[in-house]
Number of protein chains: 2
Amino acid sequence: MNAGDKNGRGLSVQAVQRMPYYLDFLKKQLEKGAKLIPASALAAEFNLSEIQARKDLASVCKNGGRPRTGFVIEDLINDIETLLGFRDTSNAVLVGAGHLGQALMSYGGFASYGLNILAAFDSSEKKVGSQVNGKQVFAADKISELCRRMNVHIGIITVPAGGAQIVCDQLVAGGVVGIWNFAPVYLSVPEHVMVQNENMAASLAMLSKHVQKQMGRV
Amino acid sequence: MNAGDKNGRGLSVQAVQRMPYYLDFLKKQLEKGAKLIPASALAAEFNLSEIQARKDLASVCKNGGRPRTGFVIEDLINDIETLLGFRDTSNAVLVGAGHLGQALMSYGGFASYGLNILAAFDSSEKKVGSQVNGKQVFAADKISELCRRMNVHIGIITVPAGGAQIVCDQLVAGGVVGIWNFAPVYLSVPEHVMVQNENMAASLAMLSKHVQKQMGRV
DNA sequence: TAGATTGTTAATCGATTAACAATC
DNA sequence: TAGATTGTTAATCGATTAACAATC
């Protein structure tokens, strides 16, 4: 439902998704005073094969590693952050200031992923005009206009399923090209727009299948 | 970081993850009064190839479809729900009653995915003893004991990154075999435990890479 | 030099797609 | 019967793994 992407140096989608974990670990190692790291250390930490870790690092690291010593941690951090787009901040708006929306607005960790939630929208009159974590909540009918004016390219959808497609259309109309969708519905968008689904139903399905299997075994 | 799984009738992990979307659509069609549906209708709705939709349905549908008419919607719904484990409810506990944790506890939609959050845990004395959406918040040091006593097999982790591994270990000690992890860290678990990461950093990475590319194009 | 570690090229494995036969 | 649609078997494509050469 979201086709794969050919990224720069032959990085697979899955490899890209492993990168944030590597990044986190590398930062911790750097803090501990380490300068160099072999691919095998990452493999051990994340339960991956050494080959995979090595290939992942090789495909992201500009300078490559050195036999015997490994990779320069600082370079790796730099390269991964650049690759993932975490080095410069993108502005985003959020639509749907309910429980989940407020939770996301209040979360401090997005800054290190290069995301800044500028403002929110909601259709409830009660919420419009209020602030959450210092961010203004605007009326939902202003989405397109304000997105365009603020030059925002990322939209976060945390409305109930029923309203998600309409909100999505408005975001796209406002110039948004990347949508982070928490609503449990499939969104239909033009070619140039990417939807990243936080697909909770799918996660739960995987979990409950696993639990079934495990319990069956006992 | 979480290897694929060989499911019953050769259903790929990806196919399983598409199922919740199919399910949603099929239910809507049933409500509209439709009885039968061809695979091509799903393909059109979700922007998939007809072949893929057909194969997905074929691999999940016990009775198979009929040439000319298609698949019986009611049967499909049944088969998919059974496959995904949505038909019988699993109890879960949640650890970390912060913004996100409360949002999940307040969300009404999990019932249709067969998930019931029984109770929560938190390490803050302020929260212990309180209720969120009618669910009790217990002290974090009771996790293992209560999980075992309540026979809970699914744990939801919504604590900050630093505490996630400890919480995870306690859940596993309490008999949990499926963990839904919202903390932005890799969790190390025994073989029989499955971790489903709600990997927000990865989602954001994909989005920001896409936005970069799109903006570069203009 | 020997050994650890990277880098590269080929092999395997799994998922998707294509071609075509079967059926109502 | 003709045509729509499913089901099956083979081909392609992409990601992971394996084997081995290169390098410090």
salt_bridge(B:D75, B:K62) N-O dist < 4.0 Å: no
Closest to the A:F71 side chain, choosing from D:dT5, C:dT16, C:dG7: C:dG7
Short side-chain N/O contact from A:R54 to OP1 or OP2 of D:dA18, under 4.0 Å: no
Test of ring centre spacing under 6.0 Å for A:F25 and B:Y186: no
Residues that A:N133 engages under side-chain hydrogen bond (donor to acceptor under 3.5 Å, both in side chains), provided they are two or more places apart: none
Among C:dA4, C:dT16, D:dT16, the nucleotide that comes nearest once only the side chain of A:K55 is considered: D:dT16
Earlier contact from the 5' end, DNA chain D, for A:R68 and B:S40: B:S40
Nearest-nucleotide 5' precedence on DNA chain D, A:A15 against A:R66: A:A15
B:W180 and B:F110 aromatic ring geometry - parallel, tilted or perpendicular at 30°/60° bounds: perpendicular
Residue B:Q52, side-chain atoms from C-beta onward, closest of C:dT17, C:dT23, D:dT17: C:dT17
OP1 or OP2 of C:dT16 under 4.0 Å from side-chain N/O of B:S49: no
D:dT17 pairs with, by Watson-Crick or G-U criteria that keep both distances under 3.5 Å: C:dA10
B:P67 side chain, from C-beta outward: closest of D:dA4, C:dT16, D:dT16: D:dA4
Which nucleotide in C:dT16, D:dT16, D:dT5 has an atom nearest any side-chain atom of B:S12: C:dT16
Under-4.0 Å side-chain N/O to phosphate OP1/OP2 contact, A:R18 with D:dT16: yes
Spacing between B:L57 atom CG and D:dG7 atom C1', to the nearest angstrom: 12 Å
